[in-house]
Amino acid sequence: MRGIYLDILVGSLMTLICVVMMCVAIEAPTPVVARLENSKVGESLFTFRGRYIVDLIVSLFLFAMGVWGIVMGTLTLLLIFGIRFLGVKQPDAFNEIFRQSDIESNSMADSYTLEGTYDTEGTER
C-alpha cells in the first residue's frame, strides 16, 4: 500500500501552486501580485507560456493521486490544450488575457499563431 504521506505532500504542493496561480489570474491581493511581478520567476507567470508550464506541472502531479487524480489531470490537460487552440483561433482575445514576455514582444512573428513561420518569399511583413 502506498503511503498516505505522498498524497498529503502532493496535495499540499498542488494547493499552494493553485493558490498562487489563482492570485496571478485575478491579480489580487495586491502585495502578493506585486511581489510576484518583481521576482525573476514570478514575471513569467503572467505570460501564457508561464501559466502553461505551471498547469502542465499541476496536471502531471495530479496523475500521482490515484484514479480521481488521473481524471482531474486529464481534464486539466484538455483545458490547457483547449485554451491553446482558442489562442490560435482568436489571437486578439488571447493577447488581452495574457501578458507578452520580453522574448515574445521582441520577435516579429506572432508567438501564438506562428505567423511568419511558413511565409513564402513573395510575402512582405
Side-chain angles (χ1 to χ4, degrees):
M1 179 161 163
R2 204 167 47 131
I4 192 148
Y5 67 94
L6 287 176
D7 289 337
I8 293 171
L9 179 66
V10 170
S12 301
L13 285 172
M14 292 304 93
T15 301
L16 179 68
I17 290 172
C18 289
V19 166
V20 169
M21 291 310 293
M22 184 180 69
C23 291
V24 167
I26 62 175
E27 295 189 11
T30 307
V32 173
V33 173
R35 187 167 195 147
L36 284 172
E37 285 178 334
N38 294 329
S39 70
K40 180 89 170 144
V41 174
E43 67 185 18
S44 67
L45 288 178
F46 292 91
T47 65
F48 172 72
R49 201 167 277 141
R51 292 187 195 185
Y52 189 84
I53 290 170
V54 171
D55 288 341
L56 188 63
I57 290 170
V58 167
S59 68
L60 292 176
F61 270 109
L62 285 172
F63 281 109
M65 296 190 73
V67 175
W68 288 110
I70 292 171
V71 170
M72 292 184 325
T74 303
L75 291 174
T76 303
L77 285 174
L78 290 173
L79 180 69
I80 291 169
F81 294 122
I83 292 171
R84 175 69 176 152
F85 178 74
L86 287 175
V88 169
K89 295 294 181 187
Q90 301 290 330
D92 294 334
F94 205 72
N95 291 334
E96 289 179 18
I97 297 171
F98 299 105
R99 295 181 188 172
Q100 297 286 326
S101 69
D102 292 337
I103 296 169
E104 293 165 349
S105 61
N106 289 336
S107 71
M108 289 183 60
D110 183 1
S111 62
Y112 302 121
T113 60
L114 298 176
E115 181 183 317
T117 303
Y118 302 107
D119 287 346
T120 59
E121 293 178 21
T123 58
E124 293 183 29
R125 293 202 52 78

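- Separating the CG atom in Leu36 from the SG atom in Cys23 is a distance of 7.5 Å, to the nearest 0.5 Å.
- Linking ILVMFWY residues whenever their side-chain heavy atoms come closer than 4.5 Å, directly or via other members, places Leu79 and Phe81 in the same cluster.
- Atom CD of Glu37 sits about 9.5 Å away from atom OG1 of Thr30, to the nearest 0.5 Å.
- The minimum heavy-atom distance between Val33 and Glu27, with the atom names listed, is CG2-C, 3.4 Å.
- When every heavy atom of Leu45 is checked against every heavy atom of Val24, the shortest pair comes out as O-CG1, 3.6 Å.
- Linking ILVMFWY side-chain heavy atoms closer than 4.5 Å, directly or via other members, places Ile70 and Leu75 in two distinct hydrophobic clusters.
- Between Phe63 and Thr74 there is a side-chain heavy-atom pair separated by less than 4.5 Å.
- Nearest heavy atom pair, residue Cys18 against residue Val58, reads SG-CG1, 4.4 Å.
- The cluster map of Ile, Leu, Val, Met, Phe, Trp and Tyr, joined by side-chain heavy atoms under 4.5 Å apart, puts Val71 and Met65 in different clusters.
- The distance from atom OG1 of Thr76 to atom CD1 of Ile57, rounded to the nearest 0.5 Å, is 13.0 Å.
- The CD1 atom of Ile4 lies 12.5 Å from the CG atom of Leu9; values are rounded to the nearest 0.5 Å.
- Nearest heavy atom pair, residue Met21 against residue Val54, reads CG-CG1, 3.5 Å.
- Under a hydrophobic-cluster definition in which Ile, Leu, Val, Met, Phe, Trp and Tyr are linked whenever side-chain heavy atoms come within less than 4.5 Å, directly or via other members, Leu13 and Val32 are assigned to the same cluster.
- Taking OH from Tyr5 and CG from Asp7, the interatomic distance works out to 10.0 Å, rounded to the nearest 0.5 Å.
- Here the shortest heavy-atom pairing between Val10 and Phe61 reads CG1-O, 3.7 Å.
- Here the CZ-CD1 distance, from Phe48 to Ile53, works out to 10.0 Å after rounding to the nearest 0.5 Å.
- Neither Leu86 nor Leu78 shares a network with the other; the hydrophobic side chains, linked directly or stepwise wherever heavy atoms of I, L, V, M, F, W or Y lie under 4.5 Å apart, form separate groups for each.
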